[in-house]
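Right, one structure below, let's go through it.
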There are 2 protein chains.
Amino acid sequence: MASPRYRRLGRDERREQILAVARRMFTELPYTEVSTTAIAREAGVQRGLVHYYFGAKRELFLQVVRHLTATLATQLPPLPEGLSLEEMVDLCVAHFLDAADANATTWFAAVDAEGFGQDPELTRIVHRTRDLTVEHLLKALRVPGPTDTLRAVLRAYSGLAEVATREWLQHKALSRAQAHTLLARSLLTLVRDIAPAVERS
Amino acid sequence: MASPRYRRLGRDERREQILAVARRMFTELPYTEVSTTAIAREAGVQRGLVHYYFGAKRELFLQVVRHLTATLATQLPPLPEGLSLEEMVDLCVAHFLDAADANATTWFAAVDAEGFGQDPELTRIVHRTRDLTVEHLLKALRVPGPTDTLRAVLRAYSGLAEVATREWLQHKALSRAQAHTLLARSLLTLVRDIAPAVERS
DNA sequence: CAACGCTATTGGCGATGTGCCAATAGCGTG
DNA sequence: CACGCTATTGGCACATCGCCAATAGCGTTG
(Lines give C-alpha, C1' and ligand atoms only; values in the text may rest on other atoms or scores of the structure.)
Protein backbone atom coordinates (compact mmCIF):
# COMPACT_ATOMS: atom_id res chain seq x y z
CA MET A 1 0.00 0.00 0.00
CA ALA A 2 1.34 3.39 -0.93
CA SER A 3 1.65 5.97 1.86
CA PRO A 4 -1.18 8.51 1.86
CA ARG A 5 -0.82 11.35 -0.64
CA TYR A 6 -1.09 13.98 2.06
CA ARG A 7 -1.04 14.26 5.82
CA ARG A 8 -4.26 15.45 7.27
CA LEU A 9 -3.65 17.86 10.13
CA GLY A 10 -5.90 19.45 12.73
CA ARG A 11 -7.43 22.78 11.93
CA ASP A 12 -5.31 24.91 14.24
CA GLU A 13 -2.17 22.98 13.48
CA ARG A 14 -2.37 23.54 9.73
CA ARG A 15 -3.48 27.12 10.20
CA GLU A 16 -0.47 27.88 12.33
CA GLN A 17 1.89 26.18 9.90
CA ILE A 18 0.66 28.18 6.92
CA LEU A 19 0.71 31.34 9.02
CA ALA A 20 4.35 30.69 9.93
CA VAL A 21 5.32 30.39 6.29
CA ALA A 22 3.37 33.51 5.38
CA ARG A 23 4.99 35.41 8.23
CA ARG A 24 8.45 34.58 6.99
CA MET A 25 7.70 35.38 3.35
CA PHE A 26 5.85 38.65 4.00
CA THR A 27 8.68 39.90 6.18
CA GLU A 28 11.21 39.06 3.48
CA LEU A 29 9.47 40.24 0.33
CA PRO A 30 7.07 42.95 -0.80
CA TYR A 31 3.39 42.05 -0.67
CA THR A 32 2.93 41.82 -4.42
CA GLU A 33 5.90 39.53 -4.81
CA VAL A 34 4.50 36.99 -2.38
CA SER A 35 1.96 34.81 -4.18
CA THR A 36 -0.45 32.48 -2.45
CA THR A 37 0.95 29.85 -4.80
CA ALA A 38 4.44 30.36 -3.35
CA ILE A 39 3.14 30.28 0.21
CA ALA A 40 1.29 27.05 -0.51
CA ARG A 41 4.34 25.51 -2.17
CA GLU A 42 6.60 26.32 0.78
CA ALA A 43 4.00 24.97 3.17
CA GLY A 44 3.74 21.81 1.10
CA VAL A 45 0.02 22.14 0.43
CA GLN A 46 -2.23 23.08 -2.45
CA ARG A 47 -3.05 26.71 -2.96
CA GLY A 48 -6.74 26.13 -2.40
CA LEU A 49 -6.05 25.22 1.20
CA VAL A 50 -4.60 28.63 1.92
CA HIS A 51 -7.83 30.23 0.78
CA TYR A 52 -9.85 27.65 2.67
CA TYR A 53 -8.24 28.82 5.89
CA PHE A 54 -7.76 32.52 5.31
CA GLY A 55 -10.06 33.55 2.51
CA ALA A 56 -8.44 36.33 0.52
CA LYS A 57 -4.69 36.90 0.41
CA ARG A 58 -5.20 40.30 1.99
CA GLU A 59 -6.85 38.64 4.97
CA LEU A 60 -3.84 36.37 5.41
CA PHE A 61 -1.57 39.41 5.28
CA LEU A 62 -3.61 41.16 7.96
CA GLN A 63 -3.37 38.07 10.15
CA VAL A 64 0.39 38.21 9.78
CA VAL A 65 0.52 41.86 10.77
CA ARG A 66 -1.78 41.25 13.71
CA HIS A 67 0.54 38.51 14.88
CA LEU A 68 3.64 40.68 14.50
CA THR A 69 2.18 43.58 16.45
CA ALA A 70 0.76 41.27 19.10
CA THR A 71 4.19 39.71 19.53
CA LEU A 72 5.66 43.12 20.21
CA ALA A 73 2.88 44.20 22.55
CA THR A 74 3.42 41.22 24.85
CA GLN A 75 7.03 42.21 25.33
CA LEU A 76 6.09 45.08 27.58
CA PRO A 77 8.00 44.60 30.85
CA PRO A 78 6.56 44.93 34.36
CA LEU A 79 7.02 48.24 36.14
CA PRO A 80 9.29 48.44 39.19
CA GLU A 81 8.31 50.82 41.97
CA GLY A 82 9.92 53.82 43.56
CA LEU A 83 12.15 55.09 40.78
CA SER A 84 12.73 58.69 39.83
CA LEU A 85 11.48 59.94 36.47
CA GLU A 86 15.02 59.83 35.08
CA GLU A 87 15.55 56.26 36.17
CA MET A 88 12.20 55.18 34.82
CA VAL A 89 12.90 56.79 31.46
CA ASP A 90 16.24 55.04 31.31
CA LEU A 91 14.61 51.73 32.09
CA CYS A 92 11.86 52.13 29.50
CA VAL A 93 14.31 53.09 26.79
CA ALA A 94 16.59 50.18 27.64
CA HIS A 95 13.65 47.78 27.51
CA PHE A 96 12.52 49.24 24.23
CA LEU A 97 15.93 48.90 22.65
CA ASP A 98 16.29 45.35 23.92
CA ALA A 99 12.94 44.38 22.45
CA ALA A 100 13.73 46.00 19.13
CA ASP A 101 17.13 44.33 19.01
CA ALA A 102 15.79 40.89 19.86
CA ASN A 103 13.01 41.07 17.27
CA ALA A 104 14.64 43.27 14.67
CA THR A 105 13.13 41.50 11.68
CA THR A 106 9.67 41.31 13.22
CA TRP A 107 9.83 44.85 14.46
CA PHE A 108 10.74 46.46 11.16
CA ALA A 109 8.27 44.30 9.31
CA ALA A 110 5.49 45.49 11.59
CA VAL A 111 6.49 49.11 11.38
CA ASP A 112 6.95 48.94 7.63
CA ALA A 113 3.53 47.44 7.21
CA GLU A 114 1.87 50.72 8.03
CA GLY A 115 2.46 52.50 4.78
CA PHE A 116 1.29 49.64 2.66
CA GLY A 117 -0.97 52.11 0.97
CA GLN A 118 -4.05 53.59 2.51
CA ASP A 119 -5.43 50.34 3.78
CA PRO A 120 -7.77 51.45 6.60
CA GLU A 121 -7.81 48.15 8.47
CA LEU A 122 -4.04 47.94 8.34
CA THR A 123 -3.40 51.43 9.66
CA ARG A 124 -5.98 50.76 12.36
CA ILE A 125 -3.98 47.79 13.56
CA VAL A 126 -0.68 49.63 13.61
CA HIS A 127 -2.16 52.69 15.31
CA ARG A 128 -3.75 50.57 17.98
CA THR A 129 -0.45 48.99 18.95
CA ARG A 130 1.22 52.35 18.92
CA ASP A 131 -1.45 53.59 21.31
CA LEU A 132 -0.86 50.60 23.53
CA THR A 133 2.82 51.39 23.95
CA VAL A 134 1.96 55.03 24.60
CA GLU A 135 -0.40 54.00 27.38
CA HIS A 136 2.31 51.78 28.78
CA LEU A 137 4.71 54.71 28.76
CA LEU A 138 2.18 56.86 30.57
CA LYS A 139 1.76 54.27 33.28
CA ALA A 140 5.49 53.73 33.59
CA LEU A 141 6.28 57.43 33.92
CA ARG A 142 3.36 57.96 36.28
CA VAL A 143 2.36 61.16 34.59
CA PRO A 144 -0.43 62.80 36.61
CA GLY A 145 -3.66 63.19 34.64
CA PRO A 146 -2.45 62.42 31.13
CA THR A 147 -4.25 64.52 28.52
CA ASP A 148 -4.94 63.70 24.89
CA THR A 149 -2.39 66.31 23.95
CA LEU A 150 0.28 64.49 25.90
CA ARG A 151 -0.71 61.30 24.19
CA ALA A 152 -0.28 62.96 20.83
CA VAL A 153 3.15 64.21 21.85
CA LEU A 154 4.13 60.70 22.88
CA ARG A 155 2.88 59.28 19.61
CA ALA A 156 5.12 61.77 17.86
CA TYR A 157 7.93 60.60 20.10
CA SER A 158 7.32 57.04 18.95
CA GLY A 159 7.97 58.31 15.42
CA LEU A 160 11.34 59.55 16.58
CA ALA A 161 11.99 56.27 18.35
CA GLU A 162 11.16 54.32 15.22
CA VAL A 163 13.64 56.15 13.04
CA ALA A 164 16.29 56.24 15.75
CA THR A 165 16.06 52.47 16.07
CA ARG A 166 16.45 52.19 12.31
CA GLU A 167 19.54 54.39 12.45
CA TRP A 168 20.98 52.05 15.03
CA LEU A 169 20.04 48.59 13.70
CA GLN A 170 19.77 49.11 9.97
CA HIS A 171 21.69 52.16 8.87
CA LYS A 172 24.17 51.75 11.71
CA ALA A 173 24.70 55.48 11.95
CA LEU A 174 24.24 55.33 15.72
CA SER A 175 25.65 52.98 18.33
CA ARG A 176 23.34 51.48 20.89
CA ALA A 177 24.63 53.87 23.53
CA GLN A 178 23.97 56.80 21.23
CA ALA A 179 20.47 55.61 20.43
CA HIS A 180 19.86 55.26 24.15
CA THR A 181 21.07 58.76 24.91
CA LEU A 182 18.95 60.19 22.10
CA LEU A 183 15.79 58.39 23.14
CA ALA A 184 16.16 58.90 26.88
CA ARG A 185 16.97 62.59 26.77
CA SER A 186 14.31 63.28 24.15
CA LEU A 187 11.66 61.52 26.15
CA LEU A 188 12.63 63.31 29.33
CA THR A 189 12.58 66.73 27.70
CA LEU A 190 9.33 66.01 25.92
CA VAL A 191 7.48 64.92 29.02
CA ARG A 192 8.94 67.47 31.40
CA ASP A 193 9.38 70.62 29.36
CA ILE A 194 7.89 70.45 25.90
CA ALA A 195 4.57 68.74 26.54
CA PRO A 196 3.50 71.38 29.11
CA ALA A 197 4.45 74.10 26.65
CA VAL A 198 2.43 72.36 23.94
CA GLU A 199 -0.53 72.17 26.31
CA ARG A 200 -0.40 75.92 26.74
CA SER A 201 -0.20 76.67 23.01
CA MET B 1 -16.50 61.35 -42.32
CA ALA B 2 -16.47 59.96 -38.82
CA SER B 3 -14.22 61.73 -36.34
CA PRO B 4 -10.99 59.82 -35.65
CA ARG B 5 -11.30 56.99 -33.18
CA TYR B 6 -8.59 58.43 -30.96
CA ARG B 7 -6.60 61.61 -30.54
CA ARG B 8 -2.92 61.14 -31.17
CA LEU B 9 -0.89 63.15 -28.66
CA GLY B 10 2.79 63.95 -28.35
CA ARG B 11 4.96 61.63 -26.34
CA ASP B 12 5.45 63.91 -23.33
CA GLU B 13 1.89 65.13 -23.39
CA ARG B 14 0.35 61.67 -23.16
CA ARG B 15 2.97 60.56 -20.66
CA GLU B 16 2.12 63.42 -18.37
CA GLN B 17 -1.59 62.81 -18.72
CA ILE B 18 -1.33 59.15 -17.74
CA LEU B 19 1.04 60.04 -14.93
CA ALA B 20 -1.48 62.54 -13.58
CA VAL B 21 -4.19 59.90 -13.48
CA ALA B 22 -1.85 57.38 -11.85
CA ARG B 23 -0.81 59.98 -9.30
CA ARG B 24 -4.38 60.58 -8.27
CA MET B 25 -5.31 56.91 -8.09
CA PHE B 26 -2.21 55.76 -6.24
CA THR B 27 -2.68 58.46 -3.62
CA GLU B 28 -6.30 57.41 -3.13
CA LEU B 29 -6.08 53.63 -3.13
CA PRO B 30 -3.68 50.88 -2.10
CA TYR B 31 -1.26 49.72 -4.76
CA THR B 32 -2.91 46.37 -5.36
CA GLU B 33 -6.32 47.93 -5.78
CA VAL B 34 -5.15 50.18 -8.59
CA SER B 35 -5.10 48.22 -11.83
CA THR B 36 -3.44 49.38 -15.02
CA THR B 37 -6.80 48.69 -16.60
CA ALA B 38 -8.44 51.24 -14.33
CA ILE B 39 -5.70 53.80 -14.94
CA ALA B 40 -6.06 53.32 -18.67
CA ARG B 41 -9.85 53.62 -18.49
CA GLU B 42 -9.69 56.87 -16.51
CA ALA B 43 -7.11 58.23 -18.90
CA GLY B 44 -9.32 57.29 -21.82
CA VAL B 45 -6.75 55.07 -23.52
CA GLN B 46 -6.14 51.38 -23.97
CA ARG B 47 -4.21 49.51 -21.32
CA GLY B 48 -1.42 48.63 -23.72
CA LEU B 49 -0.50 52.29 -23.98
CA VAL B 50 0.24 52.51 -20.28
CA HIS B 51 2.77 49.73 -20.63
CA TYR B 52 4.11 51.25 -23.82
CA TYR B 53 5.07 54.37 -21.86
CA PHE B 54 6.00 52.98 -18.47
CA GLY B 55 6.75 49.31 -18.89
CA ALA B 56 5.71 47.47 -15.77
CA LYS B 57 3.10 48.77 -13.33
CA ARG B 58 5.73 48.91 -10.63
CA GLU B 59 7.77 51.29 -12.77
CA LEU B 60 4.77 53.57 -13.14
CA PHE B 61 4.30 53.53 -9.38
CA LEU B 62 7.93 54.46 -8.82
CA GLN B 63 7.55 57.34 -11.27
CA VAL B 64 4.61 58.56 -9.21
CA VAL B 65 6.57 58.40 -5.97
CA ARG B 66 9.53 60.15 -7.56
CA HIS B 67 7.22 62.91 -8.67
CA LEU B 68 5.63 63.24 -5.24
CA THR B 69 8.95 63.48 -3.44
CA ALA B 70 10.37 65.82 -6.05
CA THR B 71 7.36 68.08 -5.59
CA LEU B 72 8.06 68.30 -1.90
CA ALA B 73 11.80 68.85 -2.33
CA THR B 74 11.27 71.91 -4.53
CA GLN B 75 9.23 73.53 -1.79
CA LEU B 76 12.31 74.24 0.28
CA PRO B 77 12.33 77.97 0.92
CA PRO B 78 15.35 80.28 0.57
CA LEU B 79 17.31 81.06 3.70
CA PRO B 80 17.26 84.57 5.12
CA GLU B 81 20.43 85.87 6.76
CA GLY B 82 21.29 87.07 10.22
CA LEU B 83 18.77 85.30 12.35
CA SER B 84 19.38 83.69 15.71
CA LEU B 85 19.13 79.92 16.04
CA GLU B 86 15.74 80.26 17.71
CA GLU B 87 14.38 82.45 14.96
CA MET B 88 15.74 80.16 12.28
CA VAL B 89 14.18 77.11 13.89
CA ASP B 90 10.87 78.92 14.10
CA LEU B 91 11.09 79.82 10.45
CA CYS B 92 11.98 76.32 9.32
CA VAL B 93 9.18 74.76 11.29
CA ALA B 94 6.68 77.28 9.99
CA HIS B 95 7.77 76.61 6.43
CA PHE B 96 7.58 72.90 6.99
CA LEU B 97 4.07 73.07 8.38
CA ASP B 98 2.95 75.34 5.56
CA ALA B 99 4.28 72.91 2.98
CA ALA B 100 2.69 69.93 4.67
CA ASP B 101 -0.62 71.76 4.94
CA ALA B 102 -0.65 72.90 1.35
CA ASN B 103 0.19 69.46 0.00
CA ALA B 104 -1.40 67.28 2.64
CA THR B 105 -2.53 64.57 0.26
CA THR B 106 0.73 64.48 -1.63
CA TRP B 107 2.75 64.60 1.53
CA PHE B 108 1.07 61.70 3.27
CA ALA B 109 1.06 59.65 0.10
CA ALA B 110 4.81 60.11 -0.27
CA VAL B 111 5.51 59.33 3.35
CA ASP B 112 3.16 56.35 3.32
CA ALA B 113 4.84 54.98 0.24
CA GLU B 114 7.91 54.02 2.22
CA GLY B 115 6.54 50.98 3.94
CA PHE B 116 5.16 49.47 0.78
CA GLY B 117 7.10 46.41 1.72
CA GLN B 118 10.80 45.97 1.45
CA ASP B 119 11.07 47.44 -2.02
CA PRO B 120 14.72 48.56 -2.16
CA GLU B 121 14.28 51.09 -4.94
CA LEU B 122 11.32 52.64 -3.18
CA THR B 123 12.98 53.03 0.19
CA ARG B 124 16.02 54.45 -1.61
CA ILE B 125 13.87 57.19 -3.09
CA VAL B 126 12.20 58.07 0.19
CA HIS B 127 15.46 58.05 2.12
CA ARG B 128 17.14 60.28 -0.40
CA THR B 129 14.47 62.94 -0.03
CA ARG B 130 14.63 62.66 3.72
CA ASP B 131 18.39 63.21 3.49
CA LEU B 132 17.81 66.23 1.29
CA THR B 133 15.61 67.92 3.85
CA VAL B 134 18.12 67.11 6.57
CA GLU B 135 20.87 68.77 4.58
CA HIS B 136 18.61 71.75 4.10
CA LEU B 137 18.03 71.92 7.83
CA LEU B 138 21.77 71.78 8.46
CA LYS B 139 22.37 74.68 6.10
CA ALA B 140 19.53 76.67 7.56
CA LEU B 141 20.65 76.23 11.14
CA ARG B 142 24.28 76.88 10.20
CA VAL B 143 25.52 74.08 12.39
CA PRO B 144 29.32 74.16 12.44
CA GLY B 145 30.94 71.00 11.08
CA PRO B 146 27.88 68.71 10.88
CA THR B 147 28.79 65.11 11.68
CA ASP B 148 27.11 61.92 10.51
CA THR B 149 25.83 61.46 14.03
CA LEU B 150 24.06 64.80 13.90
CA ARG B 151 22.56 63.82 10.57
CA ALA B 152 21.23 60.62 12.13
CA VAL B 153 19.71 62.61 14.98
CA LEU B 154 18.01 64.91 12.50
CA ARG B 155 16.67 61.97 10.54
CA ALA B 156 15.17 60.71 13.77
CA TYR B 157 13.71 64.18 14.26
CA SER B 158 12.08 63.92 10.85
CA GLY B 159 10.35 60.81 12.17
CA LEU B 160 8.93 62.89 14.99
CA ALA B 161 7.95 65.62 12.56
CA GLU B 162 6.15 63.13 10.38
CA VAL B 163 3.95 61.77 13.14
CA ALA B 164 3.39 65.21 14.65
CA THR B 165 2.14 66.45 11.30
CA ARG B 166 -0.20 63.48 11.12
CA GLU B 167 -1.48 64.28 14.59
CA TRP B 168 -2.25 67.78 13.41
CA LEU B 169 -3.70 67.22 9.93
CA GLN B 170 -5.17 63.75 10.10
CA HIS B 171 -5.88 62.75 13.67
CA LYS B 172 -6.46 66.36 14.69
CA ALA B 173 -5.13 65.72 18.17
CA LEU B 174 -2.95 68.83 17.93
CA SER B 175 -3.65 72.33 16.72
CA ARG B 176 -1.27 73.98 14.33
CA ALA B 177 0.14 76.12 17.12
CA GLN B 178 0.70 73.03 19.23
CA ALA B 179 2.41 71.19 16.40
CA HIS B 180 4.59 74.24 15.91
CA THR B 181 5.59 74.40 19.56
CA LEU B 182 6.33 70.70 19.63
CA LEU B 183 8.44 70.74 16.48
CA ALA B 184 10.30 73.97 17.24
CA ARG B 185 11.22 73.17 20.82
CA SER B 186 12.15 69.60 19.97
CA LEU B 187 14.42 70.69 17.15
CA LEU B 188 16.07 73.33 19.29
CA THR B 189 16.72 70.94 22.14
CA LEU B 190 17.94 68.23 19.82
CA VAL B 191 20.44 70.43 18.03
CA ARG B 192 21.64 72.38 21.04
CA ASP B 193 21.61 69.90 23.91
CA ILE B 194 20.88 66.33 22.90
CA ALA B 195 22.98 65.96 19.75
CA PRO B 196 26.21 66.96 21.55
CA ALA B 197 25.39 64.47 24.29
CA VAL B 198 24.79 61.77 21.68
CA GLU B 199 28.13 62.59 20.06
CA ARG B 200 29.87 61.97 23.36
CA SER B 201 28.13 58.62 23.99
C1' DC C 1 -12.38 -4.76 11.71
C1' DA C 2 -15.35 -3.16 8.27
C1' DA C 3 -18.49 0.42 7.24
C1' DC C 4 -19.37 5.16 8.06
C1' DG C 5 -19.07 10.16 8.60
C1' DC C 6 -16.71 14.30 9.24
C1' DT C 7 -13.91 17.61 7.22
C1' DA C 8 -9.19 18.63 5.74
C1' DT C 9 -7.39 18.72 1.29
C1' DT C 10 -7.19 18.53 -3.48
C1' DG C 11 -7.75 19.98 -8.24
C1' DG C 12 -9.73 22.63 -11.51
C1' DC C 13 -12.93 26.48 -13.45
C1' DG C 14 -13.74 31.39 -14.36
C1' DA C 15 -12.47 35.97 -13.86
C1' DT C 16 -9.10 39.43 -13.62
C1' DG C 17 -4.53 41.48 -14.03
C1' DT C 18 -0.06 41.83 -16.23
C1' DG C 19 3.52 42.01 -19.85
C1' DC C 20 4.26 42.09 -24.50
C1' DC C 21 4.04 42.91 -29.49
C1' DA C 22 2.40 42.84 -34.28
C1' DA C 23 -0.97 45.41 -36.79
C1' DT C 24 -3.31 49.69 -37.36
C1' DA C 25 -4.24 54.39 -38.04
C1' DG C 26 -3.59 59.47 -36.69
C1' DC C 27 -1.08 63.17 -38.33
C1' DG C 28 2.89 65.86 -39.79
C1' DT C 29 5.92 66.23 -44.13
C1' DG C 30 7.75 66.40 -48.66
C1' DC D 1 -1.92 63.88 -52.12
C1' DA D 2 1.10 60.13 -51.08
C1' DC D 3 4.29 58.73 -47.69
C1' DG D 4 6.44 57.66 -43.33
C1' DC D 5 6.82 57.96 -38.55
C1' DT D 6 5.14 56.44 -34.36
C1' DA D 7 1.29 56.85 -31.07
C1' DT D 8 -2.26 53.74 -30.28
C1' DT D 9 -4.91 49.76 -30.52
C1' DG D 10 -6.30 45.04 -29.77
C1' DG D 11 -5.36 40.58 -28.71
C1' DC D 12 -2.33 36.58 -27.21
C1' DA D 13 0.07 34.06 -23.36
C1' DC D 14 0.60 33.55 -18.85
C1' DA D 15 0.24 34.27 -13.68
C1' DT D 16 -2.63 35.03 -9.81
C1' DC D 17 -6.76 35.03 -7.27
C1' DG D 18 -11.18 33.54 -5.33
C1' DC D 19 -14.14 29.89 -5.13
C1' DC D 20 -16.19 25.27 -4.76
C1' DA D 21 -17.50 20.51 -5.85
C1' DA D 22 -15.23 16.20 -5.47
C1' DT D 23 -11.98 13.43 -3.02
C1' DA D 24 -9.65 11.07 0.51
C1' DG D 25 -7.36 10.95 5.26
C1' DC D 26 -8.56 9.47 9.64
C1' DG D 27 -11.21 8.99 13.83
C1' DT D 28 -15.55 6.66 15.36
C1' DT D 29 -18.92 3.29 15.73
C1' DG D 30 -21.58 -0.99 15.42
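Chain letters run A, B, ... following the sequence lines, proteins first, then strands; residues in each count from 1.
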Taking side chain as C-beta onward, heavy atoms only, is B:R47 less than 4.5 Å from B:I39?
no

Are A:Q46 and A:R41 packed together at the side-chain level, in the sense that at least one heavy-atom pair is separated by less than 4.5 angstrom?
no

Would you call [X] and [Y] a salt bridge, using N to O less than 4.0 angstrom?
X      : Y      : value
A:E121 : A:R58  : no
A:E135 : A:R130 : no
A:D119 : A:R124 : no
B:D12  : B:R15  : no

Answer yes or no: is there a donor N or O on one side and an acceptor on the other, between the side chain of A:Y157 and the main chain of A:L183, under 3.5 Å?
yes

Keeping B:Q178 on the side-chain end and B:S175 on the backbone end, is there a donor-acceptor pair under 3.5 Å?
yes

Distance, rounded to the nearest Å, where [X] contributes [atom1] and [N] contributes [atom2]:
X     : N      : atom1 : atom2 : result
B:E33 : C:dT18 : CD    : C1'   : 17 Å
B:I39 : D:dT8  : CD1   : P     : 16 Å
B:R5  : D:dA7  : CZ    : P     : 18 Å
B:Y31 : D:dT16 : OH    : P     : 14 Å
A:L60 : D:dT16 : CG    : C1'   : 14 Å

Residues that B:L79 engages under side chain to side chain contact (heavy atoms under 4.5 Å, CB included), provided they are two or more places apart
B:H136, B:K139, B:A140

Identify, with sequence neighbours excluded, every residue that meets side chain to side chain contact (heavy atoms under 4.5 Å, CB included) alongside B:A56.
none

Distances for protein N or O near nucleotides 1-5 of chain C N or O, under 3.5 Å:
none

Per the under-4.0 Å heavy-atom filter, residues of residues 8-20 of chain A near DNA chain D come out as A:R8

Per-pair distances, 0.1 Å, donor-acceptor, side chain in residues 88-106 of chain B, under 3.5 Å, sequence neighbours excluded:
| residue | atom | partner | partner atom | Å |
| --- | --- | --- | --- | --- |
| B:D90 | OD1 | B:H180 | NE2 | 3.2 |
| B:D98 | OD1 | B:R176 | NH1 | 2.8 |
| B:D98 | OD1 | B:R176 | NH2 | 3.4 |
| B:N103 | ND2 | B:Q75 | OE1 | 3.3 |
| B:N103 | ND2 | B:A99 | O | 2.8 |

Any residue of residues 45-57 of chain A with a heavy atom less than 4.0 Å from an atom of DNA chain C:
A:V45, A:Q46, A:R47, A:G48, A:L49, A:Y52, A:Y53

Consider the side chain of A:R7, meaning its heavy atoms from C-beta on, and name the nucleotide among D:dC26, D:dT16, D:dT9 that approaches it most closely.
D:dC26

Counting just side-chain N and O atoms, does A:T36 come under 4.0 Å of either OP1 or OP2 of D:dT16?
no

